[in-house]
Amino acid sequence: MGLGATAGVAAVGGIALSANASSDSKSSSSSSSSSGSLVFDPDAYTKLTKTVTDTEGTEHTVVYHFWKAITYVAKPVDATYQSLIVSSPVEIDGKAVDASNAPILLANSIGGYLPASVATATEVGGGGSAMGGGAAPSGAPSASASASASASAAAPGANGNTNATGGATSSNQLLALAAGYVVIEPGARGRTLKNSSGEYYGTAPAAIVDLKAAVRYVKSNKGRIPGNVERIVSAGTSAGGALSSLLGASGDSPIYDTYLKGIGAADASDAIFATGAWCPITDLEHADGAYEWNWSANNLSTGKLVDQTVSKALQAQFAEYQAGLKLRGLGGFGPLNARNLDAYMVEQYLEPSATTYLAALSDSARATYLKANTFITWDGSEATFTWADFLVHVGARKKDTPAFDAFDLSAGENNEFGTGTTLARHFTAYGAKNDSTGLASKRVASDVPAKLDLMNPMFHLVEKVNPNRSKHWWIRLGTKDSDTSLTVAANLAARLDNLGDDVNHIYYWDEGHGANTDPGDFITWIAKVTGYRGPKKK
């Protein structure tokens, strides 16, 4: 069906994928679950039709059953966000199919650690971040819940110094449905949610707790919900990519049990089979140092160079952290440290990325590109260049220093670690020590270290290796993505590889934050790792 072909650039509109929908009201009924009920009703669906154009330009007509927002916990804090939607194909191109044993794509639409809702979604792909389009909640489900635009706008990170929304991988949902997979899209609480008492109820670790609860709901309904619940594959972009990674790394970890019990999560496993993560914004407690290691030489868009005293201090912290990870690079590279990471990044990811890009161009287009980018040496089959020249090629860095734990508490991540009525807090010792607001403690609050563990996949892969983690990983990042350090995804991939997991990690040449240039390949990869041979014809 062309679903496995390498596609154009989704993030910039180059992907050959579109969809049109229609519905059959004759088979519709409400799928809203009653309060406290965690039993999926297989008959409470609407029958819809969608035309999906695959990555080769071929149109496919998909008839599918759609279940409107279902609350996935028995004691929701805010059902507007703690709900999921389900889409299951029943007919593809005129042939009836049975998706009862199909892989399940669990696609979150979280971006910037903001809340994401499917409460008003009416079709597949209907989820959205509260500040990033998609389905927005029509209102809070109770007097205690509020996610007003004004409240969100006042939150740190609203000035753009935060992460892209999760919509960049929305093509995955459509292609998955057309391939015969079941698509489940969960909402989740996010950092800007505030109740009538002014208390923030969506900060860390709310989002990952909600995603785990969604998985538990799906698994507890084995035999009732469509799809193979033992073949759940998560997907997410940016902060959603970080949460997808965390979901994969932390399966069945007991450190979340109290939180899950508190919201009435189903008594089931929350381990997933495979993980897809695009530009994951993760490892936050070390992200400032990693960012400076990567982008210290790059000016801001204003042309200004960041504070080099701060930058060098953070780089020193990162060097110590990197050494402590004791990682070995992919491809037999050997031990990774701050002194050789640049060579590793060039050899393992950047030159192969440029080579793939250049090889796909026509001779004339390649010649034009190389003339404009003379730092690349092209021998007819491979691209070579230096790390320093690559940094010049990327240009302006997106974030000032510190990039994540801002001295003035202005970063979205500061808000992510807010608590109670406190909007934002420091989560690193360096950030707290150098606080510029005069309002925050010079020390990290006592509850923050445990929350950092709850939010970092590396905790479950390095400090306490989790045997119930995903064993299959798809990780993607654009080479011009300066929303975080390029080393964050590379370290994640290296650790997973060192643990013996199956890792498929590449960088997209000249792409920025949220790129997804090979969605068809991701769909094919899901079939490969899950052993799925296609939908059964009825």
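Because the structure is predicted, anything quoted here is derived from the model rather than measured.
Annotation: the span from Leu486 atom CG to Asp481 atom CG amounts to 7.0 Å, rounded to 0.5 Å.
A donor atom on one side chain and an acceptor atom on the other are not found under 3.5 Å apart for Tyr113 and Asn415. A donor atom on one side chain and an acceptor atom on the other are not found under 3.5 Å apart for Asp283 and Asn491.
With Asp453 contributing its side chain and Phe459 its backbone, the two residues share no donor-acceptor pair below 3.5 Å. The closest donor-acceptor contact from the side chain of Ser197 to the backbone of Glu199 lies at 3.5 Å or more, if one exists at all. The closest donor-acceptor contact from the side chain of Asp252 to the backbone of Pro467 lies at 3.5 Å or more, if one exists at all. Between the side chain of Thr71 and the backbone N or O of Ala79 there is no donor-acceptor pair closer than 3.5 Å. Checking side-chain atoms of Ser88 against main-chain N and O of Val182 turns up no donor-acceptor pair under 3.5 Å. Tyr72 contributes a side-chain N or O that, together with a main-chain N or O of Gly187, makes up a donor-acceptor pair within less than 3.5 Å. In this structure, the side chain of Asp497 does not engage the main chain of Leu330 through any donor-acceptor pair within 3.5 Å. Judged by distance alone, the side chain of Lys219 and the main-chain N or O of Ala271 form a donor-acceptor pair under 3.5 Å. Checked by atom type and distance alone, the side chain of Ser117 never pairs as donor or acceptor with a backbone atom of Tyr81 at under 3.5 Å. Remark: the backbone N or O of Ala274 is not paired with any side-chain donor or acceptor of Arg231 at under 3.5 angstrom.
A salt bridge between Arg476 and Asp518 is present, with a side-chain N of the basic residue lying under 4.0 Å from a carboxylate O of the acidic one.
Below 30°, between 30° and 60°, or above 60°: for His505 and Tyr507 the angle between ring planes is between 30° and 60°, a tilted geometry. Using the six-membered ring where Trp is involved, Tyr532 and Tyr181 have ring planes that are perpendicular, over 60° apart on the 30 and 60° scheme. Between Phe427 and Phe417, the ring planes are tilted. Angles from 30° to 60° get that label. In this pair, Tyr217 and Phe40 present their aromatic rings perpendicular. The plane angle is above 60°, beyond the 30 to 60° band.
None of Leu243, Asp270, Ile263 except one satisfies the side chain to side chain contact (heavy atoms under 4.5 Å, CB included) rule with Lys212; the exception is Asp270. When the options Val183, Val218, Asn228 are evaluated for a side chain to side chain contact (heavy atoms under 4.5 Å, CB included) with Ile104, the one that passes is Val218.
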Checking salt bridge (charged side-chain N to carboxylate O under 4.0 Å, His left out) for the pair Arg469/Asp501: CA distance, chi angles, key distance, verdict? CA-CA 10 Å; Arg469 67 186 182 277; Asp501 294 354; 2.7 Å; yes

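Considering only heavy atoms from C-beta on, Glu123 comes within 4.5 Å of Tyr64 through its side chain. Residues Pro186 and Leu106 form a side-chain contact, since some pair of their non-hydrogen atoms from C-beta on lies under 4.5 Å apart.
For Asp257, there are no side chain to side chain donor-acceptor pair (under 3.5 Å) partners, not counting sequence neighbours.
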